Amino acid sequence: MDRNHRAMAMRPHVLVVGGTDSSGGAGVTRDVATLAAFGVAACPAITAVTAQTHRDVRHVEAMSADLIRRQMDAASEANPIGVVKIGMLGHSEAIRAVASFLEDHRDIPAVLDPVLVSSSGGRLTDEAAIDDLRDCLMPLCNLVTPNLPELACLLGEPEAKSASAAERQGRAFLKQGCRAVLVKGGHAVGGAATDVLFRHDSKPVRFSAPRLNGSLRGTGCMLASAIAAGLASGESLENSIRSAKAYVFDRIAEASTM
C-alpha cells in the first residue's frame with residue numbers, strides 16, 4: 001500500500017447513500033462537500049440520478065435495489081466505514097436494500113435524513129415507500145433528522161404549527177421505534193431556528209441559532225452529513241449536532257451575502 005492509500009485508510013469514512021442533483025444544490029454533491037469540509041472521506045452509493053434545477057425536478061431515474069446493495073458492499077469492503085449517512089431512497093426496494101445492509105452491519109451507526117420532497121417541490125419518495133421507511137429502516141438508524149413537514153408526513157398528521165405541537169410529534173415519532181430523532185425547526189416561525197433532539201430516557205436537548213433571512217438548498221443534506229462526520233470522527237451525538245448546526249448556519253450566512 002502506497003503512502004496515499006495509507007493516508008486514505010486512516011481517514012474517517014462515511015458511506016453516503018443518496019441521489020444525485022444535477023444543479024449541485026443538494027444530494028450527494030452536498031454530502032461529499034460537507035464531509036470534505038470536516039476532513040472526512042465519502043464513499044457514495046447512488047440510489048437515483050435526477051435532472052434538477054434550483055426550481056424543479058424534471059426527471060428521476062432510480063437505481064435497482066441490487067445495484068444499491070452492491071455499491072454499499074463494495075464501499076464497505078474497500079474502506080473502513082465509520083458511519084452510514086442516508087438521504088434520498090425513493091422506492092420500497094431501495095429502502096429494503098439499505099435496511100438489509102444495516103442489519104448485516106449493526107456495528108456501523110447510521111444517520112437518516114428522510115428525504116421525501118425536494119426543496120424545489122418535487123416529490124422524491126413515493127407514497128408506498130413511506131411505510132417501509134418508517135417500519136423497516138428507521139429502527140435500524142441511530143438518528144433520524146426530519147423537518148416539520150417530513151415529521152408530519154411520517155406520522156400521518158398535519159404539520160406542527162407551534163413548539164408544543166412539534167415536541168408532541170417528536171415524542172410520538174420516537175415511540176415508533178427510532179433510537180433518536182432530531183426535529184429540525186427551519187420551517188417554524190420566530191427569531192430563532194431551534195432543532196430538538198429526542199432520545200429515550202433523556203430530556204429533549206435544544207440547539208438554537210438566530211433565524212437568517214437568506215435560504216439555501218440542501219441544508220438538510222448538509223446537516224445530516226456534518227453530524228455523520230462528527231460521529232465518524234469520534235464525537236458524541238450532541239457535540240456532532242452542535243458542530244453541524246454551526247456549519248449550516250455559516251453556509252446560509254455566506255449565501256445571504258452573495
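Please read these numbers as outputs of a predicted model, since none were measured by experiment.
- Residues A129 and S92 approach most closely at CA-OG, 3.4 Å, considering heavy atoms.
- A heavy-atom distance below 4.5 Å is not found between the side chains of E157 and L151.
- L137 has its side chain within reach of L102: a pair of non-hydrogen atoms, C-beta onward, lies under 4.5 Å apart.
- When all heavy atoms are compared, the tightest approach of L197 to F207 is CB-CE1, 3.8 Å.
- In this structure, the side chain of H105 does not engage the main chain of E103 through any donor-acceptor pair within 3.5 Å.
- Under the salt bridge (Lys or Arg N to Asp or Glu O under 4.0 Å) criterion, R69 pairs with D73, D104, sequence neighbours left out.
- Between K85 and D31, at least one side-chain nitrogen of the basic residue sits less than 4.0 Å from a carboxylate oxygen of the acidic one, meeting the salt-bridge criterion.
- Separation of atoms CZ (R96) and CG (D132) is listed at 4.0 Å; rounding is to 0.5 Å.
- Atom NE2 of H91 is separated from atom OG1 of T47 by 7.5 Å, given to the nearest 0.5 angstrom.
- Between M138 and P114 the shortest side-chain heavy-atom distance falls below 4.5 Å.
- When all heavy atoms are compared, the tightest approach of C43 to I81 is SG-CD1, 4.0 Å.
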Check: Checking side-chain contact (heavy atoms from CB on, under 4.5 Å) for the pair R199/L237: CA distance, chi angles, key distance, verdict?
Finding: CA-CA 11 Å; R199 291 171 293 186; L237 179 58; 4.2 Å; yes
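- Side chains of E61 and T50 form no contact here, defined as non-hydrogen atoms less than 4.5 Å apart.
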Note to self: Would V84 and V17 count as a side-chain contact (heavy atoms from CB on, under 4.5 Å) here? Give the steps.
What the structure shows: CA-CA 7 Å; V84 179; V17 184; 4.0 Å; yes
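- Rounded to the nearest 0.5 Å, atoms CD (Q169) and CD (E159) are 8.5 Å apart.
- Looking only at side-chain heavy atoms (C-beta outward), V16 and L35 come within less than 4.5 Å of each other.
- T145 and A224 get closest at one heavy-atom pair: OG1-CB, 4.1 Å.
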Note to self: If you apply the rule side-chain contact (heavy atoms from CB on, under 4.5 Å), what do you find for V40 with V83, and how did you get there?
What the structure shows: CA-CA 11 Å; V40 175; V83 177; over 6 Å; no
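- No side-chain donor-acceptor contact under 3.5 Å links T34 and S225.
- Listed here is the closest heavy atom pair of S233 and P12: OG-CG, 3.9 Å.
- Side-chain contact check for C221 versus T219: every heavy-atom pair is 4.5 Å or farther apart.
- Shown are R206, K184, R242, K245; of these, the side chain to side chain donor-acceptor pair (under 3.5 Å) with D195 is made only by K245.
- Residue pairs meeting the ring pair (Phe, Tyr, Trp, His ring centres under 6.0 Å) criterion with at least one partner in residues 19-44, sequence neighbours excluded, are F38-Y247.
- Taking the charged nitrogens against the carboxylate oxygens, D21 and R30 have no contact shorter than 4.0 Å, which rules out a salt bridge.
- The shortest distance between side-chain heavy atoms of L148 and V183 falls below 4.5 Å.
- Going from atom CD1 of I227 over to atom CG of N239 covers 12.0 Å, rounded to the nearest 0.5 Å.
- Taken from CG in N142 to CZ in R179, the straight-line distance is 4.5 Å, to the nearest 0.5 Å.
- With respect to I86, the side chain to side chain contact (heavy atoms under 4.5 Å, CB included) criterion is satisfied by exactly one of L133, D113, L15, V98: V98.
- A donor-acceptor pair under 3.5 Å is formed between the side chain of R134 and the backbone N or O of L154.
- Annotation for H200 and C178: closest pair NE2-O, 2.8 Å, computed over non-hydrogen atoms.
- For the pair I68/I46, no side-chain contact is recorded, criterion being any heavy-atom separation below 4.5 Å from C-beta on.
- The distance from the NE2 atom of H54 to the OG atom of S23 is 4.5 Å, given to the nearest 0.5 Å.
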Next item on the list: Could you walk me through whether L143 and V181 pass side-chain contact (heavy atoms from CB on, under 4.5 Å), step by step?
Entry: CA-CA 5 Å; L143 179 69; V181 56; 5.7 Å; no
